[in-house]
Amino acid sequence: MPERVTASRAPVRKTYKLYIGGAFPRSESARSYVVDSARGGFLANAAQASRKDARDAVVAARKAFGKWSQATAYNRGQVLYRIAEMLEGRRAEFIDAVVAGEGVSARTARSTVDRAIDRWVWYAGWTDKIAQVFGGTNPVAGPYFDFSVPEPTGVVAVVAPQRSSLLGLVSVVAPVVASGNTTVVVASERRPLPAIALAEVLATSDLPGGVINLLTGITTELAPWLASHMDVNAIDLTGADPKQSTDLERRSADNIKRVLRAPAGGEPSWTGDPGVSRLGAFLETKTVWHPMGI
Amino acid sequence: MTALVTPPLADAVRDETSLRRFLAGLPGVDQVGAEGRAAGLFTRSIKKDAKLWALDTAISMIDLTTLEGADTPGKIRSLCAKGLRPDPADPSCPPVAAICVYPDLVAECREHLGGGTVKIASVATAFPSGRASMSTKLADVGEAVAAGADEIDMVIDRGAFLSGRYLQTYEEIVAIKEASGAAHLKVILETGELSTLDNVRRASWLALLAGADFIKTSTGKVQPAATPPVAVVMLEAVRDFALSTGQHRGVKLAGGIRAAKDAIRYLVLVKEIAGDEWLTADLFRFGASGLLNDLLMQRTTQQTGVYSGPDYFTVD
């Protein structure tokens, strides 16, 4: 976070990197952009991801998908809970990041960070309950036992909310990975620092590299490449530019991506009860017919 | 590197002593220099038109390979279909150079390929260890050729080579070349087991002197397989051999090449070290199966403008 300039010490002008496949590469394009604080002062330099970085992130997410989706729900829950633990340990840092980026009071930032941690815990608890809520047994007329089993969709691209840089981010990313998907996230364009801090948490947690990949950069530049990428199975357009979203949906149609459209009334308040709709947004239902009593 | 002085090639293989003297007299390979040369050429940027050409060229140079104990006629059939029409959605996509299988599956392969341009390569001579009696190896080759193989991939006896029995290695290659008849002979050096680049250069020359039509890096069963410095040394060997004798022999890189990007980088090595004449399937090959799908994906990406995915190509 920004250091105050004092007579004795020059500030460290940080240049952050991307988070792809569990590593922190610079952007392949070597570009970066200036992140300003809510008051307009210099905050840091963030890497400006290119389409090649987005592609590399998709490759990393695809590679991680097999193991993550096949891990037991219980194990996924443990891993996600561990991340919440680590968020709690770095609470002060996240509060600073939210204050600097969103220009809110320390008090509001504190409650936002607490909410984000609680939300992560909440989704961690959901991993082994998804099958019960979204799956089930189906009564059929015949000598069969028939049941529906939810399975993760695959690689999900997420355009994170632009305003709520931490709570919004957690609210869209956690449900995607809790249900066994892997993801490529485009962080808030003007407020990427909480996402970068989150990447540092993820890198040192038990989460396998590639399950969550975080890109910082220009959303309108990156989103079309993710939407048209044939190896991305679903896209969450929550933080997409409304002027661009029709185009993004059209691009997504090429490989019949599952699309979660941007909320109609603009970015919602993330403070309320999240419900389970996001958990179900990126699931496929496999139905099994099992002969019985023949 | 300058070309070697024309060696007295006929004398070199007269007996054990002269062969040893000739191979020992080859200039040593500067390991750091070879790695530096390869690394330098590997960073070259390839522009769009050149990339499109390179992707198609690389596809036409692939020996589409399946060398598993679990190979079945069904798998061979689908591999042949893929070799003939790598991208069924696009007739402009060239076929691969050859299908590479075990000798007992050559007949199956011939049935599906017919007499077309796609060749059949077969790994004979107790692949991949090369540990069998000479009569067994010759019988292996004979059966593969009789079943219709166009190309024979043999492995050298690394035990004999590494313990310095060069003439034995030489004579074995000569005998198998004879047994191959009209079929092209590719000699696998298994560079991962040769331990030094000096040995790679010596083995390359040994194979070329014995009449190998191709020298090939690896069986694909030993790591490391094809590496950039090894490719540099082998390409220099065929270039120097051509400068000495006027005969053009080929190089096949096998094992570990999976990305289109790497394939294109190797094509740069071929052009810059061996020369433009080698940029053809007659003189340069990739032994790979996984590489083809990545090349097809990149090709589709170049054509459609959006990134493609592995779901849209057959798993071979």
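Each chain gets a letter, A, B and so on, in the order the sequences are listed, and its residues count up from 1. Below, all heavy atoms of this structure are taken into account, side chains as well, without hydrogens, waters or symmetry copies.
- Taking B:Glu35 as the reference, nothing meets the salt bridge (charged side-chain N to carboxylate O under 4.0 Å, His left out) condition, with sequence neighbours excluded.
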May I have a table of the donor-acceptor pairs connecting chain B and chain A at distances under 3.5 Å?
from	atom 1	to	atom 2	distance (Å)
B:Tyr307	O	A:Met230	N	2.8
B:Tyr312	OH	A:Met230	O	3.2

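- Every residue was checked against the salt bridge (charged side-chain N to carboxylate O under 4.0 Å, His left out) condition with B:Glu190, not counting sequence neighbours, and none meets it.
- By the side chain to side chain donor-acceptor pair (under 3.5 Å) test, B:Asp49 is found to be paired with no residue, residues two or more places apart in sequence or in another chain being considered.
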